[in-house]
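In what follows, chains carry the letters A, B, and so on, assigned in the order in which the sequence lines appear, proteins first and then strands, with residues in each chain numbered from 1. Everything numeric in this text was worked out from a predicted model, so none of it was measured. The basis for the numbers below is simple: all heavy atoms, side chains too, and nothing from hydrogens, waters or symmetry mates.
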Amino acid sequence: MKINDLTLTLAGSGGDGVITTGDFITRAASSDGIYCLTQMSYGPQIRGGESSIRVRMSHKQAQSRGDFVDSLLVFSWKDYKRFTDEVELRPGALVLYEEADKESPADFLPADIELRLQAVPFKKIAQEDVGVPLTKNMVALGVLAEIHGFNQERLKQAIMDKYGKKRPEAAAKNIEAFDAGKAWAQEHGPKEERLQLEPNGGERLLVMNGDEALAYGALQAGVRYYAGYPITPATPILHWLQQELPRFGGTVIQAEDEISAITQCVGASWAGVKAMTASSGPGIALMMEAMGLAGMAEIPLTIVNVQRVGPSTGIPSKPEQADLLQALGMHGDVPHAIFAPADVEDCFQVAMEAVACSERYQMPVIILSDQFIGERFESLRGDRFLERVKQVERDLPELSPERKYQRYAFSESGVSPMAVPGLEGGQYITSGLEHDESGAPTSSSEYHQLMSDKRAAKLKGVAEDFDFARVYGNKDAEFGIICWGSLKGAVREAIMRAQDEGLKVAAYVPQLLYPVPQRSLSEFLKGKRKVMVLELSHGAQFYHYLKGYATDLPEEFLSHCRAGGHLFSIEEVLKLIRTHSVSELVA
Amino acid sequence: MKINDLTLTLAGSGGDGVITTGDFITRAASSDGIYCLTQMSYGPQIRGGESSIRVRMSHKQAQSRGDFVDSLLVFSWKDYKRFTDEVELRPGALVLYEEADKESPADFLPADIELRLQAVPFKKIAQEDVGVPLTKNMVALGVLAEIHGFNQERLKQAIMDKYGKKRPEAAAKNIEAFDAGKAWAQEHGPKEERLQLEPNGGERLLVMNGDEALAYGALQAGVRYYAGYPITPATPILHWLQQELPRFGGTVIQAEDEISAITQCVGASWAGVKAMTASSGPGIALMMEAMGLAGMAEIPLTIVNVQRVGPSTGIPSKPEQADLLQALGMHGDVPHAIFAPADVEDCFQVAMEAVACSERYQMPVIILSDQFIGERFESLRGDRFLERVKQVERDLPELSPERKYQRYAFSESGVSPMAVPGLEGGQYITSGLEHDESGAPTSSSEYHQLMSDKRAAKLKGVAEDFDFARVYGNKDAEFGIICWGSLKGAVREAIMRAQDEGLKVAAYVPQLLYPVPQRSLSEFLKGKRKVMVLELSHGAQFYHYLKGYATDLPEEFLSHCRAGGHLFSIEEVLKLIRTHSVSELVA
Amino acid sequence: MAEKVLTAKDYRTDVQNIWCPGCGDFGVLNAIHQAVAELQIPPQDLAVISGIGCSSRLPGYVNAYGFNTIHGRALPIATGVSASRPDLRVLVAGGDGDAYAIGAGHFVHALRRNPNLTYIVMDNSVYGLTKGQGSPTTPVGDPTKSQPFGHSERPLNPLAWALALEVTFLAQAFSGQVKQLKDLIVKGMRHEGFALINVKSPCVTFRGNQEYNYYREHGWNIDKDGHDYHDREAAFRITQEKERVPFGLIWQDENAVSLGKQLELEREKYSKVRQYDNADEVLRTFFA
Amino acid sequence: MAEKVLTAKDYRTDVQNIWCPGCGDFGVLNAIHQAVAELQIPPQDLAVISGIGCSSRLPGYVNAYGFNTIHGRALPIATGVSASRPDLRVLVAGGDGDAYAIGAGHFVHALRRNPNLTYIVMDNSVYGLTKGQGSPTTPVGDPTKSQPFGHSERPLNPLAWALALEVTFLAQAFSGQVKQLKDLIVKGMRHEGFALINVKSPCVTFRGNQEYNYYREHGWNIDKDGHDYHDREAAFRITQEKERVPFGLIWQDENAVSLGKQLELEREKYSKVRQYDNADEVLRTFFA
Ligand SMILES: Cc1ncc(C[n+]2csc(CCOP(=O)(O)OP(=O)(O)O)c2C)c(N)n1
Ligand SMILES: Cc1ncc(C[n+]2csc(CCOP(=O)(O)OP(=O)(O)O)c2C)c(N)n1
Ligand code: SF4
Ligand code: SF4
Ligand SMILES: [Mg+2]
Ligand SMILES: [Mg+2]
């Protein structure tokens with residue numbers, strides 16, 4: 001029986017071209033309706049160090065990177081070494097490796113798992129048959145295509161798309177290498193059905209990483225000003241917008257630092273143009289003062305944090321979920337909201353929700369994405385994007401020469417219509433100082449109380465309007481899991497497996513983190529006797545946050561957390577469910 | 001019967017000299033053993049606007065500013081106006097006011113309270129009798145001295161101390177004005193015993209504000225590097241240290257911004273010199289990234305936040321307690337501690353504890369003071385200071401040429417001896433990147449977990465070593481109050497009054513806020529059925545923090561909070577106690 | 001209806017002014033009121049942005065869209081305003097601490113980007129609002145609140161700094177000479193690009209009241225003195241002047257590309273490369 | 001025991017180097033190893049501080065007390081080290097983004113304070129570590145990762161900037177000329193005050209491998225060419241040079257007071273005014 005779920009890892013040194021190979025596989029499969037979730041991993045070297053790419057391919061949209069690797073291709077065992085703890089081989093997995101490598105595979109592979117090893121003369125074929133040693137990755141592509149039954153037409157198309165126009169000879173040589181690899185596999189490769197991925201025959205999918213999806217969401221939401229400063233893993237947002245916003249009359253400026261980036265955005269938004277900035281932990285830290293200004297002056301603003309491992313510089317290329325306290329922690333009581341996407345597609349939607357929320361409620365809104373969401377590529381259905389486009393415009397005042405415009409007029413919702421430059425009669429003074437209704441500074445404690453009430457009122461509206469959470473599993477389960485962001489994938493798959501095992505369990509993954517989406521949370525908590533919060537934060541930030549701010553929590557409210565870097569696996573979550581699940585499905 | 005507790009307020013325009021007058025009263029009384037708590041208040045004008053000074057004088061150390069004003073002196077009703085909501089007059093209070101002022105006192109005073117009004121020709125006396133209109137504040141001083149029975153010798157001494165040496169004629173004229181005021185009062189002033197403050201005859205007290213006490217504590221703790229950037233209400237720390245540290249071989253640099261200030265301190269501390277910086281909310285926001293670095297690289301560092309009203313620029317001259325989330329909110333899980341002084345003397349002690357904690361545990365430690373503590377002056381006993389001096393030095397490694405020094409060697413306490421430049425064989429690489437024991441950068445998730453464990457272990461030690469909290473009232477009360485920082489005063493006085501009324505109540509005021517001082521807290525919570533958290537934060541940050549992080553909290557865990565600016569009064573707290581107190585004292 | 005002619009009065013507001021009597025900033029405010037009236041800028045099309053400081057309270061006193069932002073960030077905020085709304089006229093105001101201490105990094109990059117705005121730095125050589133500490137332009141030896149025995153760090157020379165980084169409009173003025181200052185503001189606001197006007201604006205409260213006399217005595221009106229503001233070497237010499245305090249237009253480069261212009265060119269360029277009709281079509285580019 | 005003579009080798013470490021083969025920073029590292037050996041600085045008395053970037057990884061590769069800090073803050077951190085520990089020798093290293101973008105404000109104030117340290121900026125006109133965005137010294141029109149159709153913002157001139165702000169030691173070098181660079185580092189470290197050495201250090205990965213040739217062809221050795229580094233006007237002209245790339249010592253002012261010296265003077269001054277024997281006695285000053 002052919003399979004419909006395959007996880008593949010390629011590893012080599014930077015010059016080996018494994019990233020390109022994995023990218024071709026992803027694009028070809030996606031164009032063929034197969035869902036991929038593709039993740040790159042690099043050594044510390046800037047160039048020429050070790051690199052690896054992992055592609056999970058599946059007929060259904062993949063929820064996670066997959067626990068086990070079914071097929072591993074190694075150009076060099078030494079380079080592979082640093083990835084060993086990221087590659088959990090499935091018993092019986094296929095391992096293809098460079099024949100010429102002097103190292104002994106046994107030194108690098110787990111001893112307790114049966115594997116299907118196969119040496120391949122990648123180098124030799126590239127050198128002798130093709131005459132271009134650099135094409136060994138295309139040889140490998142041919143080998144893999146043949147063994148796993150990938151759509152070869154599409155793969156060749158991907159090669160042509162990349163080299164065809166600009167460098168036709170390179171394209172020809174690559175195709176030649178591909179065919180040589182294929183020929184080798186036809187002769188020597190394992191021809192087992194269980195290694196063959198069945199074609200899906202579905203519609204053409206698109207391929208996007210989370211940062212791009214988020215940037216595209218911002219474009220669709222109407223963001224026309226972006227200022228940012230490069231930082232891993234948020235930089236793709238800057239790159240994408242820098243090339244797309246100008247076409248739509250927008251502005252992108254690479255700022256001199258994050259303070260300039262966010263304050264430029266404050267200025268643009270104050271002037272009436274939707275604005276966004278993005279960074280990661282260290283850069284976000286520098287933006288906190290300006291977020292307070294946006295909160296006080298009630299200026300819409302969207303701030304993206306693609307989280308990486310902290311504290312400080314930490315591990316820039318790995319994910320963590322420990323910037324939640326930072327996102328909460330401005331000086332003073334700052335009205336703001338925090339959203340979190342749970343996968344690539346969700347980045348698109350969350351960008352639109354965040355912009356909408358910031359514009360409707362005139363406040364800073366933080367999006368907490370993370371490295372695993374931001375930098376991984378996923379295959380997605382195009383129609384799901386355009387269906388969801390959402391644009392919200394901020395309230396403008398009706399101005400009349402008779403009445404002095406009151407920028408901060410009290411209102412039940414806490415929102416007061418905001419004049420923007422150019423509107424006649426709307427002139428007012430904005431500041432970070434406490435102020436009266438007109439905007440004029442005051443140091444009256446009474447006004448401070450009233451204005452604090454006004455600003456805080458907005459949080460109620462946000463919690464009502466933006467209470468969106470994903471709930472999985474059995475509504476009536478007594479054991480529930482709460483998680484956020486990139487943990488969703490493993491949790492969701494673990495729940496499906498638990499259900500297969502007859503266990504009752506449910507999971508809650510909110511898109512809105514702050515203010516607490518109490519309505520959907522309370523709904524979820526109904527009947528739960530035990531709830532566990534899963535997160536990638538050594539200090540269990542989300543757990544403590546919920547404990548401090550949420551209501552209706554059950555007596556048994558547990559935390560399961562660890563430092564970031566290494567994601568939870570499906571198996572790990574499943575074990576937790578087995579331990580804690582208090583009720584079973586009635587068969 | 002003479003009194004032993006008197007609250008006095010003087011109000012006028014900037015040029016009227018009310019601040020000097022109040023200052024003289026404070027110094028003279030303190031030199032005479034009377035405890036003062038003195039608070040200044042200004043209008044928005046930089047100079048020449050309204051100003052007022054409030055002096056609470058008492059035979060016992062005053063815990064708060066006092067609820068009611070017993071004696072009010074007004075040079076100008078218009079200037080007085082902006083302070084009306086800060087001046088709660090006691091029924092029967094004495095009100096002295098400038099005779100020449102055209103306004104009608106009734107327009108500025110509460111109608112429902114009986115007052116003892118008295119016009120005084122301050123201006124006329126200064127102009128006609130003394131010949132120097134500017135001396136009218138000294139005329140007022142003479143009047144007050146006579147009516148309230150202040151020690152006149154000491155007051156004259158205060159005048160001489162200020163002007164005597166440099167400007168002898170000015171001194172003579174001021175003394176003349178003082179005597180003229182006194183003469184006027186002898187003839188026209190009310191001569192009621194109930195207005196006379198009994199002399200205390202105690203020892204000479206010193207006068208200090210909280211910022212100065214904190215700076216002095218830092219000096220005593222061994223801090224020899226301070227870099228800061230001016231900001232209200234933290235600037236006095238900079239001023240004081242700039243003039244005292246150099247004498248002790250220390251360094252003070254006024255930085256170009258807060259980022260430079262804190263990073264200079266990181267550098268100095270890394271080099272082995274105890275370092276401190278201070279700011280307020282907006283400036284602290286800019287320091288968060290560097291705190292993360294100090295956390296990751298395990299560098300001792302003390303950061304003072306003299307809190308003011310936020311968000312953003314807010315109200316710089318008023319207190320709030322809403323920077324707690326900020327102090328918690330670095331990116332990543334940063335091991336650090338938060339301390340909070342509850343009065344001026346406590347600033348001295350907390351500075352030493354914080355420095356000790358940072359040095360022992362090699363981590364950033366934040367002190368959360370506030371404007372009311374930092375800028376108010378208190379009379380204090382000198383001996384209480386020197387008794388408490390505490391110095392802790394960080395662990396240095398024993399280095400040997402045989403063994404490579406391991407900067408981040410694992411240990412149970414999480415603390416590893418720290419080499420400083422100059423120590424032969426101690427060379428190592430420090431960074432904000434995750435690292436192995438030697439300090440070399442690594443992106444291994446495993447190391448990240450291990451090092452996170454190591455860093456977090458320190459929090460246990462901190463919670464044990466620095467668990468100091470003040471507990472007031474009845475240990476066995478079933479109703480308890482928790483508060484922090486400058487709310488202590490009113491809470492403590494309210495508890496004394498409640499006890500007088502026969503109500504049972506207790507209060508808990510921790511000096512260590514984070515990590516939770518769970519031992520003392522649990523001890524306090526024993527037997528409490530209802531606990532209320534009082535704070536000056538609109539978002540109830542402390543309440544939610546405790547709910548999220550503390551254990552053993554009772555079912556009925558309540559919050560009473562409001563935006564900052566206006567402190568809680570004793571009466572207000574007393575009312576809460578009356579409402580919530582569940583048990584009465586057995587008479 | 002006939003167009004109303006705007007006068008300086010039309011730009012006043014009723015927000016309470018907090019400056020000390022005699023503060024130099026009043027002169028700057030007057031000059032601004034006059035300049036924008038001379039330019040007949042409709043109040044709603046004028047944005048006045050500042051940081052934090054005594055001087056930075058200025059936007060409250062101008063009938064315009066005013067923004068008294070946070071300390072040191074006036075320039076990037078104004079850059080955001082100007083880059084996103086090229087139809088507005090943008091005036092930026094602030095103190096020497098705001099501009100040259102905490103704002104120094106942004107100052108450098110504003111010079112580099114050349115956004116279309118006029119920056120008036122009210123240079124009083126002191127931190128006024130925080131009550132008297134030394135600033136980046138305080139002379140060595142002057143007593144300050146924090147260094148009563150004399151300020152110890154050497155001052156920056158903002159004129160030389162800006163010129164070295166190729167500012168496109170550079171002037172210095174004295175708040176006691178409102179007419180010249182007003183003229184310079186008008187010229188600065190007509191300049192396409194970044195105009196820096198460093199204004200000596202005495203702080204009478206923390207630096208005494210002798211500075212007015214000092215600038216009157218040592219002032220050097222380079223406008224009247226026939227200085228050619230297209231002569232870069234002469235401009236350089238003026239920035240190095242030690243004895244006199246130069247007032248007037250020091251340097252102007254009308255040919256440099258402003259940020260606004262550059263962004264416009266980018267938009268044109270990308271519109272040619274990205275031939276979509278709308279944002280939905282961008283989705284195409286993601287298909288494998 | 002005879003004092004051991006230290007050689008360049010003694011300053012190497014076993015921390016894994018992450019730079020790309022061919023990166024200019026290797027030349028800088030070599031020059032540093034040689035320079036500190038020439039100066040015979042005991043490794044334990046040497047502090048090497050950097051920010052964040054490819055170049056900022058350098059401290060890991062020098063046997064010294066090394067500190068790879070955070071982005072843009074190398075200078076204030078090094079100022080803290082140098083001001084608090086005048087007995088140490090302090091070397092600061094970092095990239096052009098670190099120094100001139102996010103670190104621009106600190107750069108200005110380090111120039112002003114003149115702390116006793118040598119700052120080596122590895123200027124590769126690109127953000128290396130974040131994989132190829134334009135930096136403050138990227139020429140207009142060069143393709144970058146984020147602007148494939150050409151970088152649009154005009155570059156800063158760090159040499160003119162530093163000179164205008166009265167840097168006390170100014171040099172430029174090329175990482176392909178290790179000998180000259182080494183000599184300049186030795187001179188810089190002997191200079192009492194702030195020494196800036198801007199090093200053209202090619203990023204072969206993100207700016208191609210033609211830059212070595214470019215600097216070889218356009219380099220202008222001003223040391224050999226008899227430039228007088230005490231001549232301020234000549235120094236200014238060198239900073240304005242457009243055709244050639246000047247390498248060598250551009251300017252030195254040996255007479256300016258360093259921050260270390262200034263702090264020493266302050267300490268002496270205050271010790272006269274504050275005649276306490278110990279910190280306990282300070283309490284006296286508070287008595288009413
Ligand atoms: C981040 C931050 N740091 C510090 C302050 C405190 N602060 C307010 S104004 C000011 C400096 C004022 O000096 P300047 O910019 O020269 O303006 P001036 O008052 O002299 O007009 C400072 C340090 C602040 N508001 N925010
Ligand atoms: C606060 C902060 N912002 C952004 C980054 C991301 N970052 C790391 S290195 C770097 C720039 C590197 O350029 P440069 O300083 O020129 O050094 P190079 O890598 O070229 O040697 C940036 C933006 C960061 N680490 N911290
Ligand atoms: S303190 Fe100085 S700068 Fe501020 S308003 Fe007064 S005179 Fe002007
Ligand atoms: S990316 Fe460039 S600067 Fe960084 S190590 Fe490689 S060549 Fe050097
Ligand atoms: Mg100033
Ligand atoms: Mg660089």
Side-chain angles (χ1 to χ4, degrees), chain A residues 26-28 30-31 158 204-208 212 216 219-220 224-225 227 243-244 246-249 251 253 255-257 259-261 263-273 275 289-290 293 297 379 382 385-386 389 419-433 440-441, chain C residues 13-16 18 42-47 49 52 57 59-61 63-85 87-88 105-106 108-109 112-113 259 263 266-271 273-276 278-280 282-288:
Chain A
T26 304
R27 288 180 194 277
S30 304
S31 76
R204 200 178 179 86
L205 300 169
L206 50 79
V207 178
M208 221 182 233
E212 291 168 348
Y216 182 43
L219 170 72
Q220 286 280 19
R224 290 296 177 271
Y225 197 95
Q243 297 182 41
E244 298 296 342
R247 153 66 188 89
F248 294 94
T251 305
I253 292 185
E256 62 274 25
D257 61 20
I259 300 178
S260 172
T263 52
Q264 284 183 42
C265 290
V266 167
S269 177
W270 175 82
V273 173
E289 190 200 3
L293 172 63
S379 325
F385 283 76
L386 300 185
V389 172
V420 295
L423 289 181
E424 194 175 340
Q427 299 94 283
Y428 71 101
I429 172 75
T430 312
S431 81
L433 289 153
Chain C
T13 70
D14 52 13
V15 172
Q16 191 196 2
I18 64 155
Q44 68 268 21
D45 294 338
L46 177 63
I49 321 271
I52 291 282
R57 287 291 193 120
Y61 315 143
N63 176 16
Y65 279 87
F67 196 172
N68 176 355
T69 70
I70 44 177
H71 194 38
R73 318 305 169 192
L75 281 179
I77 290 182
T79 299
V81 173
S82 162
S84 68
R85 288 287 306 272
D87 56 313
L88 301 176
H106 305 310
V108 167
H109 288 272
R112 177 156 99 95
R113 285 193 194 107
L259 176 64
L263 290 168
E266 296 268 300
R267 289 179 196 126
E268 280 170 25
K269 189 161 70 179
Y270 277 95
S271 299
V273 193
R274 306 271 180 256
Q275 298 188 341
Y276 325 119
N278 57 52
D280 288 0
V282 179
L283 198 62
R284 272 197 333 234
T285 62
F286 288 106
F287 275 97

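The nearest pair of heavy atoms linking A/E212 to C/F286 is OE1-CE2, 3.6 Å. Contact record, C/D45 with A/G422: OD1-CA, 3.6 Å, taken as the closest heavy-atom pair.
No donor-acceptor pair closer than 3.5 Å links the side chain of A/Y225 to the backbone N or O of C/A83.
Counting heavy-atom pairs under 4.5 Å between each of A/S30, A/S260, A/A419, A/P421 and chain C puts A/P421 at the top. Ranked by non-hydrogen atom pairs under 4.5 Å with chain A, the options C/S271, C/S82, C/P42, C/A47 are led by C/S271. Listed options A/L219, A/L205, A/V266 were ranked by heavy-atom pairs under 4.5 angstrom with chain C; first place goes to A/L205. The greatest number of non-hydrogen atom pairs below 4.5 Å with chain A, out of C/V282, C/T79, C/L263, C/T69, is found for C/V282. Top candidate by heavy-atom pairs under 4.5 Å with chain C, chosen from A/T430, A/I429, A/D257, A/V420, is A/T430.
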(request) Could you walk me through whether C/R73 and A/I259 pass side chain to side chain contact (heavy atoms under 4.5 Å, CB included), step by step? (result) CA-CA 8 Å; C/R73 318 305 169 192; A/I259 300 178; 3.4 Å; yes
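Salt bridge annotation for C/R113-A/E256: present, with a cationic side-chain nitrogen under 4.0 angstrom from a carboxylate oxygen.
Using modelled atom types and a 3.5 Å distance limit, the side chains of A/Q243 and C/R274 yield a donor-acceptor pair. Residues C/R57 and A/S431 bring no donor and acceptor atom of their side chains to less than 3.5 Å of each other.
For a residue to count as touching a neighbouring chain, one of its non-hydrogen atoms must lie under 4.5 Å from one of that chain's; by this rule A/V207 touches chain C with backbone and side chain alike. Only the side chain of A/L293 comes within contact range of chain C, judged by heavy atoms closer than 4.5 Å. Residue contact with chain C, scored on non-hydrogen atoms closer than 4.5 Å, involves the side chain of A/F385 exclusively.
Ring pair A/F248/C/Y276 is parallel by interplanar angle, where below 30° counts as parallel and above 60° as perpendicular.
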